[in-house]
Amino acid sequence: MELPKRYNANESEEKWLKYWEKEKVYLFNPDSKEEAYSIDTPPPTVSGKMHLGHSFSYSQQDFVARFQRMIGKNVFYPFGTDDNGLATERMIEKMKNVKGQKMERKDFVNLCLKTLEEIRPDFVYDWKRIGVSADYSIFYTTINEHSQRISQRSFIDLYKKDRIYRKRAPFVWCPECQTAIAQVEMKDSERDSRLVYMKFDTDVGKQITIATTRPELLPACVAIHIHPDDKRFNKLIGKKAKIPFSDREVKITANKDVDMEFGSGIVYHCTYGDMDDVKWLEELKIEPIEILNKDGILNEKAGKFKGLHVKKAREAVIKALEEENRIEKIEPIHHVVNVHERCETDIEILNTDQWFIKYLDLKADFIKYGRKIKWYPDHMRARYENWIEGLKWDWNISRQRHFGVPIPVWYCRKCNEIIVAEEKQLPVDPLADKPLKSCKCGSNEFIGEKDVLDTWATSSLTPDIAIELFKDKAVYKKLLPMDLRPQAHDIITFWLFNTVVKSYFHHQSIPWKSTMISGWALDPHGKKMSKSKGNVVDPREMIKKYSADALRFWAAGSRLGDDLPFQEKDLITGTKFATKIWNASKFTFMHLSDYKSEKPKKLEIIDIWILSKLSKLIKESTENFMNYEYSHTKLEADKFFWHMFCDNYLEIVKDRVYNVEKRGKNGKLSGQYTLYHTLLSIMKLMAPITPFITEELYQQYFKKYEKAKSIHLSKWPSFDMVDEEAEKAGEFFVFVLQQVRKAKSEQNLSLKKPVKRILAKGKITLEQFNAIKDDLKATTTAEEIEFEQLPENNEMDYEVVVDL
RNA sequence: GGGCCUAUGGUCUAGUGGCUAGGACAUUACCCUCACACGGUAAAGAUCCCAGGUUCGAAUCCUGGUGGGCCCACCA
């Protein structure tokens, strides 16, 4: 058989994608007797297309999935899409040019669901295209009925366990999206702003100056803080200050949190400028003065500034202060403010009704659970613990949005009692459905809860969501805890942590035995890729240009957990690998055309040499893969293939396979046996990394002899033929060969040019030398080779003289 | 400010106590050698971030510093 001259990656990759799908190569078998290996696949968010970071970390988890499959595990590798929440709402609003707030919830939700159906196949295809070997028939979306049912059931369970409560509390609020957001949904944004020095009157007559970037919160001022050690002002502690444009007086209090260096050294305490203000209110038991509405407009408590939006109010307050001569100065300031990451709007802190999961009392347990999980790499656990130790707030799970899993409760119209949905009626939409029973007070009139659940409240249940698709099967009970959670390091603090929390409450168990944490793909200068910086790379273009294998080959180049700067030229390495293995296979298959899988009576020593090296490589690669160190496997297998196999072994074996009449049948057969097993083993070692080219070559030749219908269902290689003596002979061989090549290169001669005479000295026996002599003569194109055995105590291992 | 990680030829990296510090990309020279010129052979290129320390011996371990990354906190 002969391979085409060139490998067409695009054509080939598309072909095998179809084949894998048609042949159900990655199908999980729930009835299998084999040990299962379950993966809690991260569901990517449909609101954004696959970016390079995705292809990086999903490739890395796929290496592991493919390896586990090849060592015989029944791999449970589901695929889901995360498509509820604010991000999706914004995408749909943009796509369809609508405003969710202005529509009936039902209509907007239906529009979202319908649109998602349209875009989902294309979206998922990107993951298939990079070769993610998930079983796409084990599919969920975080908004489908199945997920909603599980998410609402989780809510009910926690409610019954007294872990959920509803409370009016100050919380981070986005006035643009008009919803509470979590701390993790905020990001920093740099702003040029003004630091306004305002003069307040005090009851001791003299004025004090307060510096602020938020003068518009003046009507919400509830106290003035001074550091007790601040000699300039501490005499004023206990006195009162008058709020301009009002009759109110506030206390001047001592507060050690005040930074004496900042501004004037005096802080005005508002409702609520930041989380410190919230803390101080609680500590000092001061009543808040809430001047902001949910849309960021000042209300009647703001007095004459009522009806203005914060930005306008800021100008108005400054102007009014100027008119009363209350501005000492205004300094430009460049500072960092918190904005909502989705819309870049400055966040506010508002007092609203929210649902919380109470868990601050369980920090120690969560840390304990974290230590039961095996972390790869281990140091990532520190981030998890660091986060837990710093937790200050319970988990706010309610969002004032439309498109999410509804919070399954109603309020009795008469007695205000909270009625929670029953499990058998899930999923439920309290705005459309009714409770199954009447209220204790006898009333049958209810108000449905409008809020929906935070998207993390659902995605923290991915193990349950995936596994419950097999609820009726015997395997169901064996899948928890799952074997692996693969994900990137940026979401340890929420997705990973939240999943542990849910598993703790619902199963009293860790969700998975291990977690592998991927790093990030960075831009060529080691910076984070982001749309705003304009340094994002589209993986689809890279695949088109270089192939998915090349992208994966690159992704395998970083150690697990390490970030990797992306340089387009690095993808060339992967395409070169494909070309090389294509050509090496072409040669090998050509010489295996008359090979019938028989084993020779006696293997040539050089063949034993490479098979011994191969045995060691396989052993190491297996161990590395067991520890999720795929990058070592890739590195070592690639090096072995290129340098050991191609540069040296193929050159050595040529004489025997080309010239049977001269070298004898056994010599050829020994070579064929070695070629077959070495190349097949290399293919298999690389199959998890570059699944397409290895499948192509497996199908072209090896499939005829190996039983598996795909290389990805074939057995992981095993070879146990370590022979140190043969390795010594092989190393001697390679050294002589290198010396001859060097000599020719220095004389600018072709490698084909015959060599008159070689004198080779080494620490091998004459018998060993004689066993490699014919191969050595042919490979070096020497007319004559003399050998001299060096004593063991000789300083040099080898000495070679080449006469050209 | 706190936590974690990281620093190796121009670039990306391998290497956790002893090797002439390995490889890839890029560079230079030569070679159309019967799998491959999308190739081969060879060459050049690294005071292993800096300063101390431990050790017979440090790229590797410890301390401090500097640079980079991520997460968290702060940002009146």
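Residue numbers start from 1 in every chain, and the chains themselves are labelled A, B, ... in the order their sequence lines are given, proteins ahead of strands.
Summarising the geometry, the separation between NZ on A/Lys742 and P on B/rA42 is reported as 9 Å, rounded to the nearest angstrom. Computed from coordinates, the A/Gln567 CD to B/rG10 C1' distance equals 11 Å when rounded to whole Å. In this entry the distance linking CG of A/Asp570 with P of B/rC25 reads 10 Å, nearest Å. Rounded to a whole Å, the CZ atom of A/Arg559 is 15 Å from the P atom of B/rC12. What separates CZ of A/Phe587 from C1' of B/rC34 is a distance of 9 Å, to the nearest Å. Rounded to whole Å, atom P of B/rA42 lies 12 Å from atom NZ of A/Lys744. Spacing between atom CG of A/Asp346 and atom P of B/rC75 amounts to 15 Å, rounded to whole angstrom units. Atom CH2 of A/Trp387 and atom C1' of B/rC71 are 9 Å apart (whole Å).
Counting any heavy atom pair closer than 4.0 Å across all strands shown, A/Thr579 reaches a base atom. Using a 4.0 Å heavy-atom criterion, one finds that A/Lys639 contacts the sugar-phosphate atoms exclusively. Within 4.0 Å of A/Glu389, counting heavy atoms only, lies no atom of the nucleic acid at all. A/Cys646 comes within 4.0 angstrom of a nucleotide base, judged by non-hydrogen atoms across all strands. Heavy atoms of A/Asp638 sit nowhere under 4.0 angstrom from any nucleic acid atom. When heavy atoms are screened at a 4.0 angstrom cut-off, A/Val258 is found touching base atoms of the nucleic acid. Across all strands, A/Thr213 comes closer than 4.0 Å only to sugar-phosphate atoms, never to a base (heavy-atom distances). Across all strands shown, A/Ala211 has heavy atoms under 4.0 Å from sugar-phosphate atoms exclusively, and none from any base. Using a 4.0 Å heavy-atom cutoff across all strands shown, A/Lys654 reaches at least one base atom of the nucleic acid. Base engagement by A/Asn583 is indicated by at least one non-hydrogen atom pair under 4.0 Å involving a base atom. Heavy atoms of A/Ala584 sit under 4.0 angstrom from at least one base atom. Contacts of A/Phe262 with the nucleic acid, taken as non-hydrogen atoms under 4.0 Å apart, include base atoms.
Nucleotides B/rA21 and B/rC62 have their P atoms positioned 23 Å apart, rounded to a whole Å. A distance of about 11 Å separates the C1' atoms of B/rA46 and B/rG10, rounded to the whole Å. Atom name P, nucleotides B/rG39 and B/rA7: the rounded distance is 31 Å, in whole Å. Look at the P atom in both B/rC70 and B/rA42: the space between them is 41 Å, to the nearest Å. Taking atom C1' in both B/rU33 and B/rU41, the straight-line distance is 10 Å, to the nearest Å. Atom name P, nucleotides B/rC61 and B/rG18: the rounded distance is 11 Å, in whole Å. Taking the C1' atoms as reference points, B/rU63 lies 16 Å from B/rU55, given to the whole Å. To the nearest whole angstrom, the two P atoms, one in B/rG69 and one in B/rC74, are 22 Å apart.
Nearest to the side-chain atoms of A/Leu564 among the listed nucleotides B/rC71, B/rA37, B/rC12 stands B/rC12. The side chain of A/Asn386 lies closest to B/rG3, out of B/rA29, B/rC12, B/rG3. For A/Leu635, the listed nucleotide lying nearest its side chain is B/rA14; candidates were B/rC70, B/rU33, B/rA14. Looking at the side chain of A/Leu751, the nearest of the listed nucleotides B/rC72, B/rU13, B/rU41 is B/rU41. Comparing B/rC31, B/rC36, B/rC25 against the side chain of A/Thr573 picks out B/rC25 as the nearest. For A/Arg383, taking side-chain heavy atoms from C-beta onward, the closest of the listed nucleotides B/rC38, B/rC31, B/rG69 is B/rG69. Side chain of A/Asp647, nearest nucleotide from B/rU6, B/rC74, B/rU41: B/rU41. Distances were taken from every side-chain heavy atom of A/Lys5 (C-beta onward) to each of B/rA37, B/rC74, B/rA42; the shortest belongs to B/rA37.
No more than 12 heavy atoms of other residues, nucleotides or ligands lie within 6.0 Å of NZ in A/Lys753, so this atom counts as exposed by the packing criterion.
No cation-pi contact links A/Arg383 to A/Trp375, judged by a cut-off of 6.0 Å to the six-membered ring centre and 45° from its axis. Because its NZ or CZ atom is not both nearer than 6.0 Å to the ring centre of A/Phe732 and within 45° of the ring axis, A/Lys763 does not count as a cation-pi partner of that residue.
A/Lys576 has no side-chain polar atom (N or O) that falls below the 4.0 Å cut-off from OP1 or OP2 of B/rC36. Residue A/Arg741 places no side-chain N or O under 4.0 Å from the OP1 or OP2 atom of B/rU33. The phosphate of B/rA24 has neither OP1 nor OP2 within less than 4.0 Å of any side-chain N or O from A/Trp642. The shortest distance between the side-chain N/O atoms of A/His632 and the OP1/OP2 oxygens of B/rG15 is below 4.0 Å. Look at A/Lys752 and you won't find any side-chain N or O under 4.0 angstrom from OP1 or OP2 of B/rG40. Under 4.0 angstrom from either OP1 or OP2 of B/rA24 there lies at least one side-chain N or O belonging to A/His643. A sub-4.0 Å separation between OP1 or OP2 of B/rC72 and a side-chain N or O of A/Lys392 is absent.
With a 3.5 Å ceiling on both atom-pair distances, B/rA73 lacks any Watson-Crick or G-U wobble partner. Nucleotide B/rG67 has B/rU6 as its partner under the Watson-Crick or G-U criteria, with both atom distances under 3.5 Å. Nucleotide B/rU28 is matched to B/rA42 when pairs are restricted to Watson-Crick or G-U wobble geometry with both distances under 3.5 angstrom. Across all strands shown, B/rG17 forms no Watson-Crick or G-U wobble pair with both distances under 3.5 Å.
A/Arg741 is listed as a side-chain neighbour of A/Glu651, based on a closest heavy-atom distance under 4.5 Å.
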* Asked: So A/Trp554 and A/Phe56, ring pair (Phe, Tyr, Trp, His ring centres under 6.0 Å) or not? Walk me through it.
  -> CA-CA 8 Å; A/Trp554 166 76; A/Phe56 184 65; 5.3 Å; yes

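Considering all non-hydrogen atoms of both residues, A/His489 and A/Gly561 come closest at CD2-O, 4.0 Å.
For A/His379 and A/Asp274, each mapped to the nucleotide of RNA chain B holding its nearest heavy atom, the one lying further toward the 5' end belongs to A/His379. The residue among A/Gln738 and A/Met260 whose nearest nucleotide of RNA chain B is located toward the 5' end is A/Gln738.
Under the 3.5 Å distance criterion, with hydrogens and angles disregarded, no donor-acceptor pair is assigned to the side chains of A/Asp230 and A/Asn234.
Of the options A/Tyr649, A/Phe640, A/Phe641, a side chain to side chain contact (heavy atoms under 4.5 Å, CB included) to A/Thr678 is made by A/Phe640 and by none of the others.
Interface remark: the A/Asn338 side chain does form a donor-acceptor pair with the B/rC75 base, using a distance-only criterion of under 3.5 Å.
A salt bridge links A/Arg214 with A/Glu216; the closest basic N to acidic carboxylate O contact falls under 4.0 Å. Electrostatic pairing of A/Asp257 and A/Lys279 counts as a salt bridge here, judged by a charged N lying under 4.0 Å from a carboxylate O.
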